[in-house]
Amino acid sequence: RKEVEQDPGPFNVPEGATVAFNCTYSNSASQSFFWYRQDCRKEPKLLMSVYSSGNEDGRFTAQLNRASQYISLLIRDSKLSDSATYLCVVNKGTYKYIFGTGTRLKVLA
Amino acid sequence: DAGVIQSPRHEVTEMGQEVTLRCKPISGHNSLFWYRQTMMRGLELLIYFNNNVPIDDSGMPEDRFSAKMPNASFSTLKIQPSEPRDSAVYFCASTGTLDYEQYFGPGTRLTVT
């Protein structure tokens with residue numbers, strides 16, 4: 001079983017839709033959690049850190065459920081520019097970052 | 001605010017040639033990472049430096065790969081001799097001391113023919 005698992009998608013959604021991704025992790029000692037966005041042929045870019053209390057940044061909301069060992073990302077009012085691959089990343093408090101394989105999102109006009 | 005800087009952005013070379021990739025981390029960051037990304041294997045950690053010291057190089061594929069960090073603002077990843085299977089995108093990333101937020105450079109797309 002992979003340490004971090006994501007549904008690869010693609011998720012095809014119309015503009016304006018709300019879409020949610022989940023990511024599960026296997027190591028209960030994991031301490032820090034992140035969502036990154038990666039566009040085709042570009043570097044991963046930090047979208048948001050995920051805190052225990054949940055956090056929101058504009059149209060994006062991230063949640064952490066330690067009991068069930070998953071994190072989620074909700075995107076409201078999807079834009080064409082949101083089309084990308086979203087990587088779930090887990091850190092155990094060391095230098096080792098465990099990357100999920102990513103979930104592809106396509107927002108359709 | 002300058003992010004992580006990498007050069008070259010693209011490199012095409014012939015098998016057997018030496019390749020040197022360069023990275024300048026974000027100023028003030030004390031941790032530096034080299035990753036390799038391919039479609040088949042995703043993102044793989046090659047080596048991690050902390051305060052310019054290599055801490056974990058277990059991800060370096062073989063002796064053909066070497067990395068150095070002579071000072072806090074510069075690191076190199078060298079492949080000698082290069083092989084076609086080394087073709088990938090090589091990312092450098094850095095983190096600071098206060099959190100674990102990792103920032104990536106634009107990557108070097110390496111093609112070995």
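Chaining together hydrophobic side chains whose heavy atoms lie under 4.5 Å apart leaves Val12(B) on its own. Residue Phe74(B) shares its hydrophobic cluster (ILVMFWY side chains chained together at separations under 4.5 Å) with no other residue. Hydrophobic cluster of Met39(B): no remaining members, since no ILVMFWY side chain lies below 4.5 Å from it.
Residues Met48(A) and Leu105(A) share a single hydrophobic cluster, defined by chaining ILVMFWY side chains whose heavy atoms lie under 4.5 Å apart. In the hydrophobic cluster analysis, where Ile, Leu, Val, Met, Phe, Trp and Tyr join through side-chain heavy atoms closer than 4.5 angstrom, Phe33(B) is grouped apart from Leu46(B). Cluster membership for Leu87(A) and Val4(B), using ILVMFWY side-chain heavy atoms within less than 4.5 angstrom, is shared.
For a residue to count as touching a neighbouring chain, one of its non-hydrogen atoms must lie under 4.5 Å from one of that chain's; by this rule Phe91(B) touches chain A with the side chain only.
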Write out all chain A-chain B donor-acceptor pairs shorter than 3.5 Å, or none if the list is empty.
| from | atom 1 | to | atom 2 | distance (Å) |
| --- | --- | --- | --- | --- |
| Tyr36(A) | OH | Gln102(B) | N | 3.2 |
| Tyr36(A) | OH | Gln102(B) | O | 2.5 |
| Gln38(A) | OE1 | Gln37(B) | NE2 | 3.1 |
| Gln38(A) | NE2 | Gln37(B) | OE1 | 2.9 |
| Ser49(A) | OG | Glu101(B) | OE2 | 2.7 |
| Gly93(A) | O | Tyr100(B) | OH | 3.1 |
| Tyr95(A) | OH | Asp56(B) | OD2 | 2.7 |
| Tyr97(A) | OH | Tyr100(B) | O | 2.6 |

